[in-house]
Amino acid sequence: MTNVFDILQERGFIEQSTNEEEVRELLGAGPVTFYIGFDPTADSLHVGHFIQIIVMMHMQKAGHRPIALIGGGTTMVGDPSGRTDMRKMLTQDEIAANGERFKKQFSKFLYFDDKDGAIMLNNAEWLLPLNYIEFIRDYGKYFSVNKMLTAECFKSRMEKGLSFLEFNYMLMQSYDFLELYRRHGAILQMGGNDQWSNILSGADLIRRVEGAQAHALTFRLLTTSAGKKMGKTESGAVWLDPEKTSPYDFYQYWRNIDDADVANCLGLLTFIPMDEVRAMTDTAAGADINKAKECLAYEVTALVHSPEEAEKAQKAARALFGGGGGNLDDMPTSEISQADLANLDITTLLNKCGLIASNSEGRRLIKDGGIYLNNQRVSSFDQTIGAADFKDGYALLRKGKKVYHKVILK
RNA sequence: GGAGAGGUUCCCGAGUGGCCAAAGGGAGCAGACUGUAAAUCUGUUGGCACCGCCUUCGGUGGUUCGAAUCCACCCCUCUCCA
């Protein structure tokens with residue numbers, strides 16, 4: 001059987017490890033219990049988390065045991081890594097509620113059932129009851145402030161300022177690793193490359209306290225070829241929760257990524273064998289790359305939502321962009337009543353559908369020629385909408401080239 | 001605690017009494033060209049009953065015909081000193 005380390009490497013995940021050879025051997029030798037932490041700072045996981053989940057899936061497939069750690073405790077502190085300012089403080093209730101949402105989402109991707117299955121834990125369990133004096137006496141003594149200050153994750157904050165609260169984050173995460181080592185024999189922590197210093201610090205703590213060797217392995221963050229973080233849209237992150245990012249929008253996000261990022265994403269976000277990925281993208285010149293994009297969009301949507309949802313999204317997208325035919329049932333839709341129809345103008349309608357944030361924006365868009373009703377450019381912002389615009393009971397609104405919205409007249 | 005610098009529209013960052021809804025850049029949005037791509041060019045980016053009106057420049061008061069700009073107090077951030 002192929003060593004999962006090689007798989008991860010081939011697919012482009014691996015960025016840094018404590019010792020490449022040792023970690024590789026470790027993963028080849030037998031089942032390893034490892035963990036990845038997720039701080040519940042929002043009410044849904046997003047694609048940045050998804051890449052970590054994919055890693056856990058690869059690892060579980062290879063016979064290793066994942067611990068999905070929900071950071072109910074660490075979120076109380078807030079990770080300063082990769083941030084230029086302090087995070088918004090969340091209340092304990094919000095954190096707990098978010099943690100519950102995470103929990104549900106995880107169960108979709110990993111097996112937790114049997115005794116060898118994945119484990120889901122929340123570090124609130126051991127972090128919240130910690131006693132301050134006891135903790136800093138027993139563990140604080142192992143941390144060198146001088147050394148911590150040289151860590152990359154703090155360096156960037158030396159100018160903008162770093163509160164003592166956030167400075168403690170590294171200790172909390174390190175303690176997690178130690179706790180999971182003690183409870184479940186976890187000897188490997190993985191995470192995004194921004195977690196490198198936090199993870200290392202935990203491995204150090206285990207060595208100092210327990211005299212045992214623990215390992216760190218970090219992955220590339222999901223970035224575009226231009227180095228920008230992926231998974232962001234104008235309306236925020238690309239969420240895994242279908243309520244927050246509809247399967248259609250999710251599909252479209254991947255369908256629209258840059259040519260240069262397709263191969264990358266196929267490696268990181270799907271399970272398509274790498275030789276197929278290469279076959280699809282290596283030679284794909286010009287418009288052929290679109291096939292690879294469709295494949296990517298379909299696969300990721302199928303994984304995150306379901307093959308049925310992916311199918312629907314694909315059909316809707318093809319119907320809209322492929323020119324005629326196809327099924328318009330699965331695109332974003334609003335309903336209006338006969339009563340709404342009285343004196344209904346285009347701006348009001350756009351507003352109702354959530355396509356514009358203000359009437360001013362609507363005016364602007366119409367002035368710029370960016371609004372279409374039933375594929376006819378709208379030229380006046382006070383154009384009225386009547387029953388005649390609803391052929392077959394619906395009207396098709398479009399904003400710009402890509403944002404379609406169906407309005408059903410009830 | 002002391003001294004200094006600073007808090008401006010989504011972000012960075014100009015602006016130091018009227019010509020400021022506020023330069024410039026980034027980012028977003030739209031148009032053209034395309035492959036639902038990139039690059040490029042153009043337009044645009046507080047709100048509204050939109051040739052006009054209303055609300056914005058950390059907060060609260062004040063000076064003034066008029067304040068993002070001046071004054072007072074307060075809050076917050078950074079740097080140096082303790």
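Everything numeric here is computed off the predicted structure, so don't read it as measured data. In what follows, chains carry the letters A, B, and so on, assigned in the order in which the sequence lines appear, proteins first and then strands, with residues in each chain numbered from 1.
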Heavy atoms within less than 4.0 Å of RNA chain B: which residues of residues 347-359 of chain A have one? Give them sorted by number.
Ser358(A), Asn359(A)
Who pairs with G66(B) - Watson-Crick or G-U, where each distance is under 3.5 Å
none
Who pairs with U16(B) - Watson-Crick or G-U, where each distance is under 3.5 Å
none
Residue mapping more 5' on RNA chain B - nearest nucleotide basis, Arg363(A) or Gln252(A):
Gln252(A)
Atom CG of Asp261(A) and atom C1' of A39(B) are separated, to the nearest Å, by 15 Å
Could you tell me the Watson-Crick or G-U partner of A23(B), where both distances fall under 3.5 Å? Say none if there is no partner.
none
Please state how far atom NZ in Lys402(A) lies from atom P in U34(B), giving the value in whole angstrom units.
16 Å
Ring centres of His215(A) and Phe34(A) under 6.0 Å apart?
no
Base, sugar-phosphate alone, or nothing: which one does Arg364(A) contact when heavy atoms must sit under 4.0 Å apart?
sugar-phosphate
Whole Å only: how far is the CD atom of Glu294(A) from the C1' atom of A37(B)?
14 Å
Please report, rounded to the nearest Å, how far the P atom of C29(B) is from the NZ atom of Lys401(A).
11 Å
Taking atom C1' in both C74(B) and C29(B), what distance in whole Å separates the two?
40 Å
Using the C1' atoms only, state how far C12(B) lies from U64(B), rounded to an integer number of Å.
33 Å
Considering only atom P, compute the distance from G46(B) to U56(B) and round it to an integer number of Å.
16 Å
Pick the C1' atom in G59(B) and in C11(B), then give their distance to the nearest Å.
23 Å
Would you measure the distance from the P atom in G43(B) across to the matching atom in G24(B) and give it in whole Å?
12 Å
d(CG, Asp259(A); C1', A38(B)) in whole Å:
6 Å
Tell me which nucleotide, if any, is Watson-Crick or G-U wobble paired with C51(B) when both distances must be under 3.5 Å.
none
According to the Watson-Crick and G-U wobble definitions, with both distances under 3.5 Å, which nucleotide is paired to C78(B)?
G4(B)
Taking a pair to mean Watson-Crick or G-U wobble geometry with both distances below 3.5 Å, C29(B) pairs with G43(B)
Proximity of Tyr251(A) and Tyr298(A) rings by center, below 6.0 Å
no
Taking the six-membered ring of Tyr142(A), is NZ or CZ of Arg208(A) closer than 6.0 Å to its centre and within 45° of its axis?
no
In whole Å, what is the span from the NZ atom of Lys399(A) to the C1' atom of U45(B)?
12 Å
Using the glycosidic torsion, which applies to C51(B): syn (within 90° of 0) or anti (everything else)?
syn
Taking NZ in Lys103(A) as the centre, count heavy atoms belonging to other residues, nucleotides or ligands within less than 6.0 Å. Is the count above 12?
no
For the pair made of CD in Gln314(A) and C1' in U36(B), what is the distance, rounded to whole Å?
13 Å
Base, sugar-phosphate, or nothing for Glu361(A), non-hydrogen atoms under 4.0 angstrom?
nothing
Within residues 365-383 of chain A, residues whose heavy atoms come under 4.0 Å of RNA chain B
Leu365(A), Asp368(A), Gly369(A), Gly370(A), Tyr372(A), Arg377(A)
Among U36(B), G47(B), C33(B), the one nearest Ser360(A) by side-chain distance
G47(B)
Tell which nucleotide pairs with A72(B), taking only Watson-Crick or G-U wobble pairs whose two distances are both under 3.5 angstrom.
U60(B)
Verify the ring-centre separation between His305(A) and Phe250(A): is it less than 6.0 angstrom?
yes
Taking the P atom in each of A22(B) and G47(B), what is the distance between them to the nearest angstrom?
13 Å
Would you please indicate yes or no on a ring centroid separation below 6.0 angstrom for Phe390(A) and Tyr394(A)?
no
Let me know the distance between CG of Asp288(A) and P of U34(B), rounded to the nearest Å.
19 Å
When the C1' atoms of C76(B) and A14(B) are considered, how many whole Å apart are they?
23 Å
Cationic N near anionic O, under 4.0 Å, Glu125(A) to Arg183(A):
yes
Test of understanding: with side-chain hydrogen bond (donor to acceptor under 3.5 Å, both in side chains), list the residues that count as partners of Glu10(A), not counting sequence neighbours.
Arg278(A)
Quote, to the nearest angstrom, the C1' distance that separates G31(B) from G58(B).
39 Å
Neighbour count >12 (heavy atoms, 6.0 Å) for atom CD, Gln9(A)
yes
Is it true that Phe321(A) and Tyr404(A) have ring centroids separated by less than 6.0 Å?
yes
Between Asp389(A) and Asn374(A), do the side chains contain a donor N or O and an acceptor N or O under 3.5 Å apart?
no
